[in-house]
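The structure appears right after this line, and notes come after that.
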Amino acid sequence: MTGLTVRTIRFYSDQGIIPPSARTHSGYRTYDVEALAKLKLVRTLRELGVDLPTAQRVLTREVTVTEVARVHADAIDAQMRTLRLRRAVLRAVAKGGEMELMNELARMTDEERQRILDDFFEDVFGPYELDPGFESHMRSVRIELPDDPSTEQLEAWVELAKLVQDNDFRASIKRMSARHEQMRADGENMGAPSQGQMDAFTNSVQEARAALDAGIAPDSPQAREIVDRVNAKWAEAFGVPNDEHLREKLFLHQDFADPRAERYWVLIAKINGWPPVPDTSAERAWLRAAGQPLA
DNA sequence: ATTCTTACA
DNA sequence: TGTAAGGA
């Protein structure tokens with residue numbers, strides 16, 4: 001009738017939550033329509049996960065069903081967030097991640113995550129005189145791991161946290177900063193790359209992609225031709241002749257080509273749910289092997 | 001056959 | 001919630 005077991009009805013009765021409207025001569029509980037309605041109300045609330053004490057406060061009119069519904073829905077939101085997070089951690093652990101590390105990094109707030117990045121920025125950019133536009137652009141990167149990160153996003157955050165705390169990576173970026181500082185002191189424009197330089201980069205990646213697809217070895221004569229073509233574009237972008245001048249220019253820039261720096265951007269995009277950054281590490285590795293240092 | 005109370009795990 | 005007991 002009410003969907004409740006005899007047992008629980010008795011329990012409600014004993015607890016005084018819903019007293020029977022009357023008893024028969026032999027002590028049987030009887031419930032009139034009003035009490036019956038109360039039983040159904042409590043059953044529904046219990047089914048929706050509302051605890052008995054608050055169900056009782058609904059009966060006594062201390063709170064309305066509307067209020068209880070809102071509060072409880074909010075509570076479920078919170079539970080779902082932690083459950084989603086737990087699931088993401090466990091899925092990542094199931095795929096072989098380290099549990100303590102996963103859990104610790106997943107539980108962090110956005111602010112705590114940002115601290116890790118800011119520490120990194122301070123270490124690798126702070127001591128150097130860099131192009132202000134460049135530095136503020138690098139420092140403006142924010143980490144916003146969603147409440148319900150996918151396994152991939154969580155893994156990306158773990159990898160990023162490891163990366164920016166890795167002393168070898170930091171040393172590499174510091175070398176870039178030192179070189180950047182030096183070039184700036186020498187009057188080089190170290191702000192945003194020109195359109196020509198970006199085009200030259202795009203061209204490099206396309207050429208290398210085609211070479212990789214065609215199975216051209218980096219040490220083959222064909223690779224030599226490709227590097228010559230790529231260098232011609234770079235020479236144009238830098239505004240220098242495609243000769244020793246360009247070689248010098250490329251040499252000055254080559255310290256910027258740590259593949260992990262690109263990985264950094266790939267990970268940031270994944271964590272923040274940005275459109276995926278194309279991973280050109282394979283193309284760049286081919287170009288480096290072929291003797292073209294900058295790409 | 002079902003419900004009742006009390007009590008313990 | 002399951003179980004027991006003895007009554008109604």
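Within every chain, numbering begins at 1; the chains are lettered A, B, ... in the order of the sequence lines, protein sequences first and strands thereafter.
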Starting at [atom1] of [X] and ending at [atom2] of [N], how long is that distance when rounded to a whole Å?
X	N	atom1	atom2	answer
A:Tyr28	B:dA1	OH	P	13 Å
A:Arg23	C:dG7	CZ	P	20 Å
A:His25	B:dT3	NE2	C1'	12 Å
A:Ile9	C:dT1	CD1	P	12 Å

| Any idea how A:Trp265 and A:His137 line up, ring-wise: parallel (<30°), tilted (30 to 60°), or perpendicular (>60°)? | parallel

| Check: A:Glu34/A:Ser21 side-chain N/O donor and acceptor closer than 3.5 Å | no

| field | Criterion salt bridge (charged side-chain N to carboxylate O under 4.0 Å, His left out) on A:Glu47 and A:Arg43, from CA distance to verdict | value | CA-CA 6 Å; A:Glu47 268 183 4; A:Arg43 181 192 71 123; 3.4 Å; yes

| How about A:Gln165: does its CD atom have over 12 heavy atoms from other parts shown lying under 6.0 Å from it? | yes

| query | If you draw a 6.0 Å radius around CZ in A:Arg107, do more than 12 non-hydrogen atoms from other residues or ligands fall strictly inside? | reply | no

| For the residue pair A:His180 and A:Tyr128, is the inter-centroid distance of their aromatic rings smaller than 6.0 Å? | no

| remark: Minimal heavy-atom distance between A:Phe125 and A:Met138, with the atoms involved, is CE1-CB, 3.5 Å

| message | Let me check I have this right: for DNA chain B, each base becomes ., (, ), [, ] or |, based on Watson-Crick or G-U pairs with both distances under 3.5 Å. What is the full string? | response | .|.||||||

Name the pairs: protein N/O against N/O of nucleotides 6-9 of chain B, kept only if under 3.5 Å.
none

Can you list, pair by pair, the side-chain donor-acceptor contacts under 3.5 Å of residues 74-103 of chain A, counting residues two or more places apart and other chains?
unit_1, atom_1, unit_2, atom_2, d
A:Thr82, OG1, A:Gln79, O, 3.0
A:Glu98, OE2, A:Lys162, NZ, 3.4

| Under 4.0 Å: is that the gap between some side-chain N or O of A:Arg10 and OP1 or OP2 of B:dC4? | yes

